[in-house]
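These notes are about the structure you will find just below.
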Amino acid sequence: MIIRLLSAALVAGFLAAVVATGLQLALTSPLIIAAERYETHAALDADEIRLPIVLAHAPAQGQAPAQGHDHGNTGLGAEWQPGPGLPRMAFTGLATLIGGVGYALLLGAVMLACGRAPTPERALAFGLAGFAAVALAPAIGLPPELPGSEAAPLATRQAWWLMTAAATAMGLYLILIRRAAVTILGGLVLIVAPHLAGAPVPPEGNSAVPAILAAQFAARSLGIAFVFWAVIGLAFGWAWQVFGRAAAVPAHA
């Protein structure tokens, strides 16, 4: 059973990663590159504004600079990023592959724990539920963001995303699997609760990224996530049946 689960998850994760990576390179990567240009220009403009201030406070000849201040650091390149072109494509595909296999494993484990045989149709339904929990529900409060967008602290956003995804998944389980009046009510409360609590609010400030670019990125990212989860579900259900038939043939030989 475990070998069958792992094999089906690998196949589903690989197929979903191939499809999603192709869509990312065609639809969202150009938007990310454009946003990085806006971010770079904004940082350079800010450096030009700070330069007269830095010169005005520069230490006299022979005087040591003040400790703890690095006026030469513009903030560009502070975090490592893969190089443009093939390295970025490779890391994008690798990250999508790891995520796809992990989500496929989770989907298969949840289906088996719920006592549902993984057929393509049923796995597709579970995959769409995974999309709603992991991508759609968190995007209501925290839409996918481009580089240079104003955002709340990362730890706060991650905590809210995790809470929203877990609450939505449990709510869908209570509504769609348990299907009792009390569980449906409890599921609705769980789904709504994170949004009533509110997503982390970004700090006030002007974003360097145009609003139309951010809106396109959010919409395209959600569309790709929908396809990603749909492929995971269909591919997992298909691979599960294929590996099941392959295991049954030697047993009857």
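Nothing fancy with the numbering, it's 1 onward along the sequence.
Remark: Leu136 pairs with Phe131 by the side chain to side chain contact (heavy atoms under 4.5 Å, CB included) rule, at least two apart or across chains. For Arg4, there are no salt bridge (charged side-chain N to carboxylate O under 4.0 Å, His left out) partners, not counting sequence neighbours.
Other cluster members for Trp160: Leu142, Met163, joined by side-chain heavy-atom distances under 4.5 Å among Ile, Leu, Val, Met, Phe, Trp and Tyr.
If you chain together hydrophobic residues whose side chains sit under 4.5 Å apart, Val134 and Leu162 fall into the same group. When hydrophobic clusters are built by joining Ile, Leu, Val, Met, Phe, Trp and Tyr residues whose side-chain heavy atoms come closer than 4.5 Å, directly or via intermediates, Met1 is grouped together with Leu6.
With rounding to the nearest 0.5 angstrom, the OG atom of Ser29 is 8.5 Å from the CE atom of Met89. Between the OG atom of Ser221 and the CG atom of Leu146 there is a distance of 7.5 Å, given to the nearest 0.5 Å. Going from atom CH2 of Trp161 over to atom OG1 of Thr164 covers 9.5 Å, rounded to the nearest 0.5 Å.
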Let me have the donor-acceptor pairs involving side chains of residues 180-199, under 3.5 Å, with sequence neighbours excluded, atom names and distances please.
| unit_1 | atom_1 | unit_2 | atom_2 | d |
| --- | --- | --- | --- | --- |
| Thr183 | OG1 | Leu174 | O | 3.2 |
| Thr183 | OG1 | Ala180 | N | 2.9 |
| Thr183 | OG1 | Ala180 | O | 2.8 |

Ignoring hydrogens and angles, write down the donor-acceptor pairs under 3.5 Å from the side chains of residues 227-244, residues two or more places apart or on other chains.
none

Atom pairs and distances, donor-acceptor, side-chain atoms in residues 96-121, under 3.5 Å, two or more places apart:
| unit_1 | atom_1 | unit_2 | atom_2 | d |
| --- | --- | --- | --- | --- |
| Thr96 | OG1 | Gln24 | OE1 | 3.3 |
| Thr96 | OG1 | Thr92 | O | 2.8 |
| Arg116 | NH1 | Cys114 | O | 2.9 |
| Thr119 | OG1 | Arg122 | N | 3.2 |

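What you find for Pro200 and Thr156 is that their closest heavy atoms are CG-CG2, 3.4 Å. Between Ala35 and Pro147, the shortest heavy-atom contact is CB-O, 3.6 Å. Closest heavy-atom contact between Glu145 and Ala151: OE1-CB, 3.3 Å.
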For Glu36 and Arg88, run salt bridge (Lys or Arg N to Asp or Glu O under 4.0 Å): C-alpha distance rounded to whole Å, both residues' side-chain angles, the deciding distance at 0.1 Å, then the answer. CA-CA 14 Å; Glu36 288 175 345; Arg88 171 172 287 190; 3.0 Å; yes
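At a threshold of 4.5 Å between non-hydrogen side-chain atoms, the residues Leu15 and Val19 do not count as touching.
Considering Ile212, Leu222, Val209, Ile32 as possible partners of Phe217, the one that fulfils the side-chain contact (heavy atoms from CB on, under 4.5 Å) test is Ile32.
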